[in-house]
Amino acid sequence: MANLNRRELLGAFGALAATVALPGSLGAAFAQTKIKPGTRDALIVVDVQKCFLPGGSLAVGKGDEVVPLVNDMAKRFQVVIVTQDWHTPGHISFASSHPGKKPFDTVKLPYGTQVLWPDHCVQGTEGADLAPGLSIPHAQLVIRKGHNAKVDSYSAFLEADNKTKTGLDGYLKSRGVTSVYACGLATDFCVAWTALDARKLGFSAAVIEDLCRGIDAQGSLAKAWVAMKTAGVKRIQSSDFA
């Protein structure tokens, strides 16, 4: 080592870094390396449910395409969380609960502006089930959100009032997780809000773009990506993983 000059040393280190897969929490430090998740990294699989697949009541275009991709990605993670939208009948976020309103209209509610949706993911119904073919047997926790009849909940961490927690942050912190990777449905709503709240609660966060599909209601997809970039959420692809 003593015979290497500074330039040679840096070159040797760069070559090594390019070939070694670092843990996910360190991978961001070297753009040319592949991400290899470890015990401090969690995958959050957001709302891959029947209602959001083609033919469902709130279908996300090509939402079914993410199922095999998510299955494959989950194999790389030791810590996997799955979320489900889990609404009461007559939920406040449903257009059917607001006379004269239709899906994708907005209303003002005590916690802010609410997009109104078709009835979807009602507790105990087939549409609320996880997608056929989704197979992540080692997932350790299922977070059911949106069960408060008077408040919507896109995020896996916080309800739409931005103060009521699901408890996920405490669970992850108790397990030593510092980085979260989000995927699922839909990019511009539940995935984005999950990633944004992860940052707010002190985690590093990334969205695996090709493992998501978006709704894109009135430009919502582009707006979501801008908000995530501003918050420090990384936009990555499945090809970035080892």
Side-chain angles (χ1 to χ4, degrees), residues 11-49 52-54 60-83 130-140 155-156 172 177-199 203-216 220-242:
F13 180 77
L16 177 63
T19 59
V20 175
L22 298 177
S25 52
L26 297 177
F30 302 99
Q32 71 270 40
T33 63
K34 295 288 187 178
I35 301 166
K36 186 176 181 181
T39 58
R40 297 171 70 84
D41 305 295
L43 180 68
I44 304 178
V45 179
V46 179
D47 297 0
V48 183
Q49 294 168 264
F52 299 126
L53 303 185
V60 178
K62 300 182 179 179
D64 55 325
E65 292 180 352
V66 307
V67 174
L69 304 176
V70 169
N71 287 344
D72 183 64
M73 179 58 63
K75 296 173 184 176
R76 295 173 167 86
F77 283 82
Q78 298 176 52
V79 182
V80 182
I81 313 302
V82 174
T83 77
L130 294 173
L134 188 69
S135 179
I136 311 174
H138 65 293
Q140 296 99 356
S155 168
L172 292 176
V177 170
T178 57
S179 301
V180 300
Y181 296 81
C183 62
L185 306 172
T187 316
D188 36 345
F189 287 94
C190 296
V191 174
W193 284 49
T194 293
L196 290 167
D197 283 346
R199 293 292 296 134
F203 299 93
S204 65
V207 168
I208 311 172
E209 184 177 14
D210 57 321
L211 270 60
C212 305
R213 297 292 183 272
I215 293 174
D216 202 16
S220 58
L221 187 58
K223 291 176 184 176
W225 281 120
V226 169
M228 288 190 282
K229 181 178 181 180
T230 300
V233 176
K234 295 179 176 63
R235 184 176 185 171
I236 63 175
Q237 310 297 320
S238 59
S239 58
D240 294 321
F241 288 81

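It should be emphasised that the depicted structure is a prediction, and the values quoted were computed from it without experimental measurement.
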Task: Heavy-atom side-chain proximity of Leu221 to Ile215 below 4.5 angstrom - done: no
Task: Atom of Ala224, atom of Asp188 and distance for their closest heavy-atom approach - done: CB-CA, 3.7 Å
Open item on the list: Can you tell me how far apart CG (Leu134) and CD (Gln49) are? Round to the nearest 0.5 Å.
Closed with: 10.0 Å
- [ ] Test Leu43 against Val79 for side-chain contact (heavy atoms from CB on, under 4.5 Å), laying out the working first.
- [x] CA-CA 6 Å; Leu43 180 68; Val79 182; over 6 Å; no
Open item on the list: Tell me the closest heavy-atom pair linking Asp72 and Arg76, and the distance in Å.
Closed with: OD2-NH1, 3.1 Å
TODO: Report yes if some heavy atom in the side chain of Phe241 is under 4.5 Å from a heavy atom in the side chain of Lys34; otherwise report no.
DONE: no
- [ ] Please report the closest heavy-atom contact between Thr194 and Ala156, naming both atoms and the distance.
- [x] OG1-N, 3.0 Å
Open item on the list: Just by distance, no angles: are the side chains of Asp47 and Thr83 close enough, under 3.5 Å, to form a donor-acceptor pair?
Closed with: yes
- [ ] State the OH-CG distance between Tyr181 and Asp41, to the nearest 0.5 angstrom.
- [x] 4.5 Å
- [ ] Identify which one of Val60, Val191, Asp64 satisfies the side chain to side chain contact (heavy atoms under 4.5 Å, CB included) criterion when paired with Arg213.
- [x] Val60
Task: Where Ile236 and Ile35 come nearest, the two heavy atoms and their spacing - done: CD1-CD1, 4.0 Å
Task: Side-chain heavy atoms of Trp225 within contact of Val233, under 4.5 Å - done: no
Task: 4.5 Å side-chain heavy-atom contact, Ile208 and Met73 - done: yes
Task: Close aromatic pair by centroid cut-off 6.0 Å: Phe189 and Phe52 - done: no
Task: Any Ile136 side-chain heavy atom under 4.5 Å of Val45 side chain - done: yes
- [ ] Indicate yes or no: at least one non-hydrogen side-chain atom of Val48 is less than 4.5 angstrom from one of Val67.
- [x] yes
- [ ] Answer yes or no: is there a side-chain heavy-atom contact under 4.5 Å between Glu209 and Leu211?
- [x] no
Task: Minimum side-chain heavy-atom gap Leu172-Ile81 below 4.5 Å - done: yes
Task: Distance (rounded to the nearest 0.5 Å) between Lys229 NZ and Lys234 NZ - done: 13.0 Å
- [ ] Could I get the full list of side-chain hydrogen bond (donor to acceptor under 3.5 Å, both in side chains) partners for Asp197, not counting sequence neighbours?
- [x] Ser155, Lys200
TODO: To the nearest 0.5 Å, tell me how far Lys223 NZ sits from Met228 CE.
DONE: 14.0 Å
Task: Nearest atoms (heavy-atom pairs only) where Thr187 meets Cys212 - done: OG1-CB, 3.2 Å
TODO: Please report the shortest heavy-atom distance between Ala198 and Ala205, naming the atom on each side.
DONE: CB-CB, 4.1 Å
